[in-house]
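All remarks here apply to the structure that follows.
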Amino acid sequence: MSVLKRLIAFVVISVVGGASAAWATTADTGQPKPWEIGLQPGATPVMDDIIWFHDFLLWIIAAIALFVLGLLLIVIVRFNARANPVPSRTTHNTFIEVIWTVVPVLILVTIAVPSFRLLFYQLNVPKADVTVKATGKQWFWSYSYPDQKFEFDSLLVQDKDLKPGQPRLLTVDNEMVVPVNKVVKVLTTGADVIHSWAVPSFGVKIDAVPGRINETWFKVEREGTYYGQCSELCGRDHAFMPIVVHVVSEKDYTAWVEQAKKKYASTDDDNNARPTAIAAADGVK
Ligand SMILES: [Cu+2]
């Protein structure tokens, strides 16, 4: 039995160690960190719920795996040919058949209730304070603020141009800026092929499909810079079109909008005809 004890100890240490490592990564950097084995810390209520649901499922599957392992070990030890030379001829047992039907159903219902609650929470976009349209292009994102009437391109910053502290392959020249504690509605579309707008710490991942508009939302509870990446294989430079969302106070946001209106003033409403941006994106290798 000492092997079994060791195995159980290993599983317990792995599960507890894994959970505490996930808790230890609560420092909020909005980006992945070395040796991180849990999800990125949540910055929105939706992501907090996703993390809770993930941990909840982890306990359930760990219990099921241990239970099945225990049954297997009992069978191996007690019902092998040597220990049990005269096998039972039993083929049916109504009680146990009812149990192994009803218990999995109860487990699935226990999972389904919070699962659907979370799904509806994600899908029902509350009344938006700010709307931003993210357009995926080969290979960069354009952000349009329809209510404020400006749009800009957000391109990867090359390694040689990075400033100290800026993460490689995640830094962009023009960040999407939104206010803290406000509902931001994100509309996504694709200009050429399917892209996907994803920010792990927001719990958001939504396809950007040419010819249609998808919508999602987030409400970030802490100021900071949050990073994501295109999450739908979209061609050669798919890995080089990061997403950066800078979450600032309401006051800073208003100031940024004023400045952005001037900086990104465009006389041309055609979003796709932007030769300078496209030439710059082509330089990304
Ligand atoms: Cu992509």
Exercise for the section: Please state whether the rings of Y143 and W197 are parallel, tilted or perpendicular, taking 30° and 60° as the class boundaries. Expected result: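 Perpendicular.
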Could you tell me if the side chain of [Y] sits less than 4.5 Å from the side chain of [X], heavy atoms only?
{"X": "T225", "Y": "V244", "answer": "yes"}
{"X": "M47", "Y": "F202", "answer": "no"}
{"X": "V186", "Y": "F218", "answer": "yes"}
{"X": "R236", "Y": "W139", "answer": "yes"}
{"X": "M241", "Y": "H195", "answer": "yes"}
{"X": "P179", "Y": "V247", "answer": "no"}
{"X": "F95", "Y": "I99", "answer": "yes"}
{"X": "E215", "Y": "K185", "answer": "yes"}

Transitive ILVMFWY side-chain link [X] to [Y], under 4.5 Å:
{"X": "V180", "Y": "V204", "result": "yes"}
{"X": "L118", "Y": "L39", "result": "yes"}
{"X": "I206", "Y": "M176", "result": "yes"}
{"X": "F79", "Y": "L73", "result": "no"}
{"X": "Y226", "Y": "V130", "result": "yes"}

Donor-acceptor pair, side chain of [X] and main chain of [Y], under 3.5 angstrom:
{"X": "N80", "Y": "V77", "result": "yes"}
{"X": "T189", "Y": "V209", "result": "yes"}
{"X": "T90", "Y": "H92", "result": "no"}
{"X": "Q138", "Y": "C234", "result": "yes"}
{"X": "S196", "Y": "E232", "result": "no"}
{"X": "E258", "Y": "A255", "result": "no"}
{"X": "T188", "Y": "D207", "result": "yes"}

Do you know which two heavy atoms are closest between [X] and [Y], and how far apart they sit?
{"X": "I51", "Y": "G42", "result": "CD1-N, 3.5 Å"}
{"X": "L170", "Y": "G228", "result": "CD2-O, 4.0 Å"}
{"X": "R222", "Y": "A43", "result": "NH2-CA, 3.6 Å"}
{"X": "S201", "Y": "P41", "result": "CB-O, 3.3 Å"}
{"X": "K133", "Y": "P146", "result": "N-CD, 4.4 Å"}
{"X": "A239", "Y": "Q229", "result": "O-NE2, 4.3 Å"}

Pair K149-K261, side-chain contact (heavy atoms from CB on, under 4.5 Å): steps then yes or no: CA-CA 8 Å; K149 298 195 170 45; K261 274 183 187 164; over 6 Å; no
How long is the gap from [atom1] on [X] to [atom2] on [Y], to the nearest 0.5 Å?
{"X": "I194", "Y": "L233", "atom1": "CD1", "atom2": "CG", "result": "11.0 Å"}
{"X": "F240", "Y": "H238", "atom1": "CZ", "atom2": "NE2", "result": "10.0 Å"}
{"X": "L162", "Y": "L156", "atom1": "CG", "atom2": "CG", "result": "8.0 Å"}
{"X": "D55", "Y": "I60", "atom1": "CG", "atom2": "CD1", "result": "11.5 Å"}
{"X": "I96", "Y": "T101", "atom1": "CD1", "atom2": "OG1", "result": "11.0 Å"}
{"X": "R117", "Y": "D49", "atom1": "CZ", "atom2": "CG", "result": "7.5 Å"}

Would E221 and D48 satisfy side-chain contact (heavy atoms from CB on, under 4.5 Å), going step by step from the backbone distance to the final call? CA-CA 11 Å; E221 292 166 320; D48 291 342; 3.7 Å; yes
Between N174 and Y264, is there a side-chain donor-acceptor contact under 3.5 Å, judged purely by atom types and distance?
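Yes.
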* Check the side chains of S142 and K137 for a donor-acceptor pair under 3.5 angstrom, ignoring hydrogens and angles. =>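 Their side chains do contain a donor-acceptor pair, which is all the 3.5 Å distance test asks for.
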Working note: Y253 + V257, criterion side-chain contact (heavy atoms from CB on, under 4.5 Å); need CA distance, chi angles, decisive distance, verdict. CA-CA 6 Å; Y253 173 72; V257 166; 3.5 Å; yes
* Show your reasoning for whether side-chain contact (heavy atoms from CB on, under 4.5 Å) applies to V184 and D129. => CA-CA 6 Å; V184 179; D129 299 306; over 6 Å; no
is_close_aromatic(W52, Y121), centroid dist under 6.0 Å
no
Ring centroid separation W141 to F152 under 6.0 Å: no
Tell me, with the steps shown, if F53 and W59 meet ring pair (Phe, Tyr, Trp, His ring centres under 6.0 Å).
CA-CA 10 Å; F53 188 56; W59 288 114; over 10 Å; no
